[in-house]
Amino acid sequence: MINIRHTGIVTNDLKKSLIFWQKIIGFKIVNSLVEKGDLLDKVLGYKNVNVRTIKLKDTKNNLIELLYFINSPSVKKKNIKPYTVGYTHISITVKNISRIYKKLKANKIKFNAVPQKSSDNKVKMTYCRTPEGAFLELVEEL
């Protein structure tokens with residue numbers, strides 16, 4: 001493996017996701033496309049894929065990709081918990097977790113708990129719910 005290329009996040013509310021990832025968390029848009037065609041049909045496993053993809057990066061060039069499927073097959077939304085089997089969260093390192101926590105709370109982002117010190121006292125951390133239904137782990141190294 002060379003590196004992790006990006007993390008893909010499927011959303012059903014692109015505007016809300018962009019506000020969260022761009023305006024609140026601080027990622028910047030680097031690419032926005034509407035993608036379709038035979039290649040995507042084959043790779044994603046359904047006919048006539050029509051998806052808007054928006055790639056965003058942070059100051060360290062980490063990429064996330066928001067995907068808004070314009071015509072996806074109907075799928076029941078999974079209620080993800082921190083202990084759900086499979087991918088559940090993205091973790092980011094932050095400089096001032098208390099300031100970010102207050103900013104997110106002011107934007108009505110839901111948290112499981114206020115930032116907590118780890119048992120080894122090396123980090124403070126917490127989980128918040130993303131607009132897509134998964135979790136974002138915020139970690140401040142102490």
Side-chain angles (χ1 to χ4, degrees), residues 1-37 39-41 43-142:
M1 181 175 92
I2 297 171
N3 67 335
I4 293 175
R5 188 174 180 88
H6 67 260
T7 300
I9 304 169
V10 176
T11 181
N12 63 357
D13 188 335
L14 192 54
K15 183 178 179 181
K16 191 173 184 180
S17 292
L18 281 170
I19 289 169
F20 180 82
W21 291 105
Q22 186 181 18
K23 305 285 185 199
I24 299 172
I25 300 299
F27 280 74
K28 306 283 184 224
I29 294 175
V30 293
N31 193 1
S32 179
L33 298 169
V34 173
E35 300 182 55
K36 49 184 145 182
L39 171 66
L40 281 180
D41 289 359
V43 171
L44 297 180
Y46 77 93
K47 295 269 184 218
N48 302 312
V49 172
N50 189 358
V51 60
R52 172 167 294 284
T53 60
I54 300 177
K55 287 203 172 77
L56 302 107
K57 74 176 174 180
D58 67 7
T59 57
K60 301 287 186 184
N61 292 321
N62 295 300
L63 285 171
I64 62 170
E65 179 183 44
L66 295 177
L67 298 102
Y68 175 72
F69 286 89
I70 298 160
N71 66 338
S72 67
S74 199
V75 177
K76 184 179 178 184
K77 185 176 179 181
K78 186 177 183 180
N79 188 11
I80 297 171
K81 305 285 185 199
Y83 46 84
T84 300
V85 174
Y87 300 105
T88 59
H89 73 279
I90 297 171
S91 180
I92 61 174
T93 303
V94 299
K95 287 185 181 176
N96 185 332
I97 197 167
S98 296
R99 181 179 53 78
I100 293 169
Y101 173 80
K102 288 175 188 167
K103 179 181 177 183
L104 292 169
K105 286 290 282 185
N107 281 278
K108 300 189 181 353
I109 302 302
K110 295 191 185 324
F111 282 82
N112 289 351
V114 298
Q116 307 284 312
K117 268 191 181 178
S118 61
S119 57
D120 62 6
N121 291 318
K122 291 185 179 182
V123 300
K124 270 178 106 171
M125 52 91 55
T126 190
Y127 271 40
C128 67
R129 183 73 73 170
T130 70
E132 304 80 27
F135 290 95
L136 177 64
E137 179 183 20
L138 303 171
V139 179
E140 178 184 355
E141 295 172 346
L142 301 175

Is there side-chain contact between [X] and [Y], with at least one heavy-atom pair below 4.5 Å?
X	Y	result
Val34	Arg52	yes
Ile25	Leu104	yes
Asp13	Lys15	yes
Ile54	Phe27	no
Leu33	Lys55	no

Nearest 0.5 Å, please: how far is [atom2] in [Y] from [atom1] in [X]?
X	Y	atom1	atom2	value
Asp58	Lys28	CG	NZ	10.5 Å
Gln22	Leu56	CD	CG	6.0 Å
Asn3	Arg5	CG	CZ	8.0 Å
Phe69	Thr53	CZ	OG1	9.0 Å
Leu136	Ile92	CG	CD1	4.5 Å
Leu63	Thr7	CG	OG1	9.0 Å

*Could you check Leu18 against Leu66 for side-chain contact (heavy atoms from CB on, under 4.5 Å), going step by step and ending with a plain yes or no?*
CA-CA 8 Å; Leu18 281 170; Leu66 295 177; 3.8 Å; yes

Indicate the atoms forming the closest heavy-atom contact of [X] with [Y], along with that distance.
X	Y	result
Lys124	Ile97	O-CD1, 3.6 Å
Pro82	Asn112	CG-ND2, 3.7 Å
Ala134	Thr88	CB-O, 3.5 Å
Asn12	Tyr68	O-CE1, 3.8 Å
Lys105	Phe111	CD-CD1, 3.6 Å
Cys128	Phe20	SG-CZ, 4.3 Å

*asked:* Applying side-chain contact (heavy atoms from CB on, under 4.5 Å) to Val139 and Val94, what does each step give before you reach the verdict?
replied: CA-CA 6 Å; Val139 179; Val94 299; over 6 Å; no

*Stepwise side-chain contact (heavy atoms from CB on, under 4.5 Å) test for Val123 and Thr93*: CA-CA 10 Å; Val123 300; Thr93 303; over 6 Å; no

Flag yes if more than 12 heavy atoms outside [X] fall under 6.0 Å of its [atom1] atom; otherwise flag no.
X	atom1	result
Lys57	NZ	no
Tyr87	OH	no
Glu35	CD	yes
Ile4	CD1	no

Using modelled atom types only, decide if a donor and an acceptor are shared between the side chain of [X] and the backbone of [Y] within a distance under 3.5 Å.
X	Y	result
Gln116	Val114	yes
Thr126	Ala113	yes
Asn71	Asn48	yes
Lys103	Ile24	yes
Asn107	Ile109	no
Glu132	Ile9	no
Ser17	Leu14	no

*asked:* Between Val49 and Val43, does the side-chain contact (heavy atoms from CB on, under 4.5 Å) criterion hold? Intermediate values first, please.
replied: CA-CA 10 Å; Val49 172; Val43 171; over 6 Å; no

*Which word best sums up how the rings of Phe135 and Tyr127 line up, parallel for under 30°, tilted for 30 to 60°, or perpendicular for over 60°?*
tilted

